[in-house]
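Note sheet for the following structure.
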2 protein chains.
Amino acid sequence: MDRERFASVACSIARTSGVVGDPWALLVLRDLFLGLTRYDELRRDLGVATNVLADRLDRLVDAGLVVREVYQRAPVRHDYHLTDAGRDLYGVVLALMAWGDRHLAPDGPPMLLVHDTCGHRTTPVVACDRCGGELTDDAVTVRPGPGGRHAPGTAVLAERLTGSVAG
Amino acid sequence: MDRERFASVACSIARTSGVVGDPWALLVLRDLFLGLTRYDELRRDLGVATNVLADRLDRLVDAGLVVREVYQRAPVRHDYHLTDAGRDLYGVVLALMAWGDRHLAPDGPPMLLVHDTCGHRTTPVVACDRCGGELTDDAVTVRPGPGGRHAPGTAVLAERLTGSVAG
DNA sequence: CTCCTCGCTTGCGAATTGCAAGCCACCCTA
DNA sequence: TAGGGTGGCTTGCAATTCGCAAGCGAGGAG
């Protein structure tokens, strides 16, 4: 899947997709959030091939989402923990879960969440940090930012709107 | 990657990962959110191989996230639009973007978002629908829900906590 | 001394990928 | 009528990646 190509695109969605745009990577993160830490726990819970698990853990470590720590000497054994950057993906994982609960869970949600802060069962929503309102497609406008020559899609869109091809 | 296996797991994260756990699928969705609709627009913007683009569009249509519509007869031409379920993934895409902006965008965010409802530049946060507070790893408790025999990871966790193996 | 566990690595055949070329239906120009 | 261009794919091929299964090295248990 040649992940490095996504890292060089001037779009945070593309860059992030290159890191977590893989079912096994996301499920490893899910299990780490649930508190699993060891290779064999992950393997048994996920039912994943061992070479694939080793590969995904390596990638997540390389990407700085996970650290490998010695939890035992003689023999040396490691376990895996989320870094701050990895923990910061919690919202992404929750958003995926919430969507799956709405669209792929005819028997109801497999997991329920309680927000300890307010004490209620919670459904995660992606909201505006300014007004707290839910962010929907038709209420958000995209503008080019400083970190890219242009936002993705804009070249094609501009061409279509003006009818001319930009050099 | 045998996507069907993820659909049968009793976990919304796994099921959703089976649908969108792929960089190209996520980038196709991004472009559809940005307003691109046609095959060739997508191909040029993404720089993706044509067989892969055709395959991802087929998958997204099969998954009910995208519809293929005739926009012209003689010759028959189709374009691609998000369904309600597809549009509902907006939050996931925003969450991915926000994370990438925080961790993979040293030159600043490539795209800026304006929330038309409140008129401000916005940074998407994943929040509790009850209290509006941001949902973080350490402030959320996971419980088994009705849609699964057990939540993922719990078998391994229970075994580790009790020191016994459940039949 | 042999078996067992943990955390991988290796080998293999099958599936998937990127790239490039081809193709088909139609339109436009002349 | 011929010739070229466009849009939307399909096909062929080499290379990568996958799932599965076996192996392996370091130590602990019996």
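Lettering of chains follows the sequences in order, A, B, ..., and the numbering in each one begins at 1. All figures in this text were calculated on a predicted structure; none of them were measured in a lab.
The CZ atom of Arg3(A) sits 13 Å away from the C1' atom of dC18(D) (whole-angstrom rounding). For the pair Tyr71(A) OH and dT5(C) P, the computed distance is 14 Å after rounding to whole Å. dG8(D) atom P lies 18 Å from atom CG of Asp55(B), rounded to whole Å. In this structure, Leu46(A) places its CG atom 11 Å from P of dG19(D), rounding to the nearest Å. The CD-P distance, from Glu41(A) to dT5(C), rounds to 16 Å in whole Å. Between Gln72(B) atom CD and dC9(D) atom P the separation is 12 Å, expressed in whole Å. Between Leu53(B) atom CG and dT10(D) atom P there is a gap of 11 Å when expressed in whole angstrom units. Summarising the geometry, the separation between CZ on Arg5(B) and C1' on dC20(D) is reported as 10 Å, rounded to the nearest angstrom.
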What nitrogen or oxygen pairs link the protein and nucleotides 24-28 of chain D at under 3.5 Å?
unit_1  : atom_1 : unit_2   : atom_2 : d
dG27(D) : O3'    : Ala74(A) : O      : 3.3

Every protein N/O lying under 3.5 Å from an N/O of nucleotides 8-12 of chain C:
unit_1 : atom_1 : unit_2   : atom_2 : d
dC8(C) : OP1    : Arg68(A) : NH2    : 3.2
dC8(C) : OP2    : Tyr80(A) : OH     : 2.6
dT9(C) : O4     : Thr50(A) : OG1    : 2.7

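Every pair tested for salt bridge (Lys or Arg N to Asp or Glu O under 4.0 Å) that includes a residue from residues 109-132 of chain B fails, sequence neighbours excluded, so the list is empty.
Nearest to the side-chain atoms of Asp22(B) among the listed nucleotides dG8(D), dC19(C), dT17(C) stands dT17(C). For Val52(B), the listed nucleotide lying nearest its side chain is dG18(C); candidates were dC6(C), dG7(D), dG18(C).
Partners of Asp84(B) under the salt bridge (charged side-chain N to carboxylate O under 4.0 Å, His left out) rule, at least two apart in sequence or in another chain, are Arg87(B). Residues satisfying the ring pair (Phe, Tyr, Trp, His ring centres under 6.0 Å) test with Tyr90(A), not counting sequence neighbours, are Phe33(A). Here Asp88(A) pairs with Arg102(B) under the salt bridge (charged side-chain N to carboxylate O under 4.0 Å, His left out) rule; sequence neighbours left out.
Regarding contacts with the backbone of dT17(C), every side-chain N or O of Trp24(B) stays at 4.0 angstrom or more from both OP1 and OP2. Contact annotation: Arg56(B) does not reach the phosphate of dG18(C) (side-chain N/O to OP1 or OP2, under 4.0 Å).
For the residue pair His120(A)/Thr122(A), the side-chain donor-acceptor check at 3.5 Å is not satisfied. A donor and an acceptor atom, one from each side chain of Tyr39(A) and Arg77(A), are nowhere located under 3.5 Å apart.
One finds the CG atom of Leu29(B) at 9.5 Å from the CD1 atom of Ile13(A) (value rounded to the nearest 0.5 Å).
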Can you list the steps and then say if Arg43(B) with Asp40(B) is a salt bridge (Lys or Arg N to Asp or Glu O under 4.0 Å)?
CA-CA 5 Å; Arg43(B) 185 192 58 73; Asp40(B) 210 49; 3.1 Å; yes
Does Arg30(B) form a salt bridge (Lys or Arg N to Asp or Glu O under 4.0 Å) with Asp45(B)? I'd like the steps, not just the answer.
CA-CA 11 Å; Arg30(B) 178 200 68 182; Asp45(B) 188 59; 3.4 Å; yes
